[in-house]
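Contents: one structure, followed by commentary.
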Amino acid sequence: MQLFYNADLNSDDKQIQFSKDESRHIIKVLRKTAGDQLFITNGNGVLFTAEITIPDLKKCIASIISKEKKAARPYKLHMVVAPTKSNDRYEWFLEKATELGVDEITPIICKNSERKVIKADRFEKIIMAAMKQSLSCYLPKLNAAIPFSSFIEQSISGQKFIAHCEDDKKSAFKSEITPGSTVTILIGPEGDFNSVEIEQAIQQLFKPVSLGTSRLRTETAAIAACHTVALINEV
């Protein structure tokens, strides 16, 4: 099964026209022709089945023959992760988090952040590709990068955690997660959160947690958190 993505597709549409690049991929690479079926999602949980009617290299058109609303995960996960010095590592996090299951991602700029600018367009493409590869019909939301101090002042519902490396008293993350809940977790940069940021988070009722006994890289810690939440919510 190959999954395509079209954000503008809605339940009332009767047909879909693919872009020039997608049309070429469908006809030239996948060797699809009239009558072949395609699967498309709008990223909002709907899976559309369509049948090619005009197999044109520049403007492939397909008729929608069915649609199905896919069940959402029983939990919500918001990963708030500082950009890494290496873009490749952050992109790896985005890809794997999307595959594991995440609803929202916010890059935060901290005092110890070495990278303060992100490539939002590229990040969006990586998330979209990972959604299609994992055959998910839900596209995670990528928020604009925001300073830590600004993010922490927002009203955030659900369970709130901060994972840091200081030797303060911390709970095991896995023991604090309530299945079926909304979870927000802060992951710092390579230099970790500083003590002021940790205290600010605690004052805003973020619970300090540990992701294990090893010192993890930013992107590894983020994926460990994603995986832990997914496992706790398995049925």
Side-chain angles (χ1 to χ4, degrees), residues 72-84 89-90 93-94 96-98 100-118 120 123 127 138-235:
R73 286 182 297 274
Y75 63 93
K76 298 290 184 183
L77 176 58
H78 185 181
M79 295 298 303
V80 185
V81 184
T84 52
R89 288 180 176 169
Y90 204 80
F93 149 65
L94 294 172
K96 302 311 174 188
T98 301
L100 287 168
V102 64
D103 298 278
E104 193 171 353
I105 299 166
T106 300
I108 47 166
I109 309 303
C110 305
K111 291 295 184 181
N112 291 330
S113 292
E114 294 189 61
R115 179 174 295 280
K116 301 182 185 296
V117 178
I118 67 166
F123 285 2
I127 291 171
Y138 289 89
L139 182 69
K141 178 184 180 184
L142 176 66
N143 296 316
I146 184 173
F148 176 91
S149 58
S150 298
F151 179 85
I152 211 72
E153 293 175 355
Q154 298 177 354
S155 176
I156 301 168
S157 60
Q159 294 189 282
K160 304 187 295 184
F161 303 99
I162 178 170
H164 65 80
C165 299
E166 291 196 0
D167 293 330
D168 299 347
K169 183 177 180 181
K170 295 175 285 189
S171 302
F173 181 51
K174 63 181 180 181
S175 67
E176 295 291 339
I177 303 166
T178 302
S181 62
T182 296
V183 176
T184 299
I185 182 165
L186 309 177
I187 306 289
E190 282 93 340
D192 199 13
F193 297 111
N194 66 21
S195 57
V196 173
E197 290 168 332
I198 294 170
E199 183 57 35
Q200 287 176 333
I202 293 172
Q203 289 176 1
Q204 294 298 324
L205 304 182
F206 280 81
K207 190 174 185 65
V209 291
S210 168
L211 296 171
T213 57
S214 298
R215 186 180 181 91
L216 305 177
R217 291 182 181 272
T218 294
E219 69 278 10
T220 311
I223 293 305
C226 285
H227 191 233
T228 298
V229 174
L231 284 176
I232 293 296
N233 280 276
E234 277 192 345
V235 294

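Values below: every heavy atom of this structure, side chains too, minus hydrogens, waters and symmetry copies.
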Testing the basics here: between [X] and [Y], what is the closest heavy-atom pair and its distance to 0.1 Å?
X      : Y      : answer
Arg215 : Cys165 : NH1-CB, 3.4 Å
Phe193 : Cys110 : CE2-SG, 3.7 Å
Phe148 : Ala201 : CZ-CB, 4.2 Å
Val102 : Leu77  : CG2-O, 3.5 Å
Leu211 : Ala163 : CD1-CB, 4.0 Å
Ala82  : Thr218 : O-CG2, 3.6 Å

query = So, Asn143 and Glu104: side-chain donor and acceptor under 3.5 Å apart, yes or no?
reply = yes
query = Does one side chain, of His78 or Thr182, offer a donor that lies under 3.5 Å from an acceptor on the other?
reply = no
Got [X] and [Y] here, is their nearest side-chain heavy-atom distance under 4.5 Å?
X      : Y      : answer
Met79  : Cys226 : yes
Phe161 : Thr184 : no
Pro189 : Val81  : no
Glu166 : Ile198 : yes
Arg73  : Asp103 : yes
Pro147 : Ile108 : no
Glu197 : Lys111 : yes

Donor-acceptor contact below 3.5 Å, side chain [X] vs main chain [Y]:
X      : Y      : value
Gln159 : Glu176 : yes
Ser210 : Gly212 : yes
Asn233 : Pro179 : no
Lys160 : Gln204 : yes
Glu199 : Val196 : no

task = Dump the intermediate steps for side-chain hydrogen bond (donor to acceptor under 3.5 Å, both in side chains) on Thr84 and Glu219, then the final yes or no.
result = CA-CA 8 Å; Thr84 52; Glu219 69 278 10; 5.2 Å; no
request  = Test side chain to side chain contact (heavy atoms under 4.5 Å, CB included) on Lys170 and His164 and set out the steps.
outcome  = CA-CA 9 Å; Lys170 295 175 285 189; His164 65 80; 3.6 Å; yes
task = Write out all pairs satisfying ring-ring contact (aromatic ring centres under 6.0 Å, His included) with one or both partners inside residues 196-220, taking only residues at least two apart or from two chains.
result = none
query = Taking it one step at a time, do Ile118 and Tyr90 satisfy side chain to side chain contact (heavy atoms under 4.5 Å, CB included)?
reply = CA-CA 10 Å; Ile118 67 166; Tyr90 204 80; 5.7 Å; no
query = What's the spacing between Leu100 CG and Leu231 CG if we round to 0.5 Å?
reply = 9.0 Å
ask   = Atom OG of Ser157 and atom NZ of Lys76: how far apart are they, to the nearest 0.5 Å?
value = 11.0 Å
key: Sole candidate of Leu186, Ile185, Thr228 that passes side-chain contact (heavy atoms from CB on, under 4.5 Å) when paired with Val209   = Ile185
task = Could you point out which residue of Thr98, Ile105, Ile187 forms a side-chain contact (heavy atoms from CB on, under 4.5 Å) with Phe93?
result = Ile105
query = Can you check side chain to side chain contact (heavy atoms under 4.5 Å, CB included) on Ile146 and Gln154, steps first, answer last?
reply = CA-CA 11 Å; Ile146 184 173; Gln154 298 177 354; 3.4 Å; yes
inquiry  = side chain to side chain contact (heavy atoms under 4.5 Å, CB included), that's the test. Do Val80 and Phe151 meet it? Break it down for me.
reply    = CA-CA 9 Å; Val80 185; Phe151 179 85; 3.4 Å; yes
inquiry  = For the NZ atom on Lys141, are there more than 12 heavy atoms of other groups (residues, nucleotides or ligands in this structure) within a distance under 6.0 Å?
reply    = no
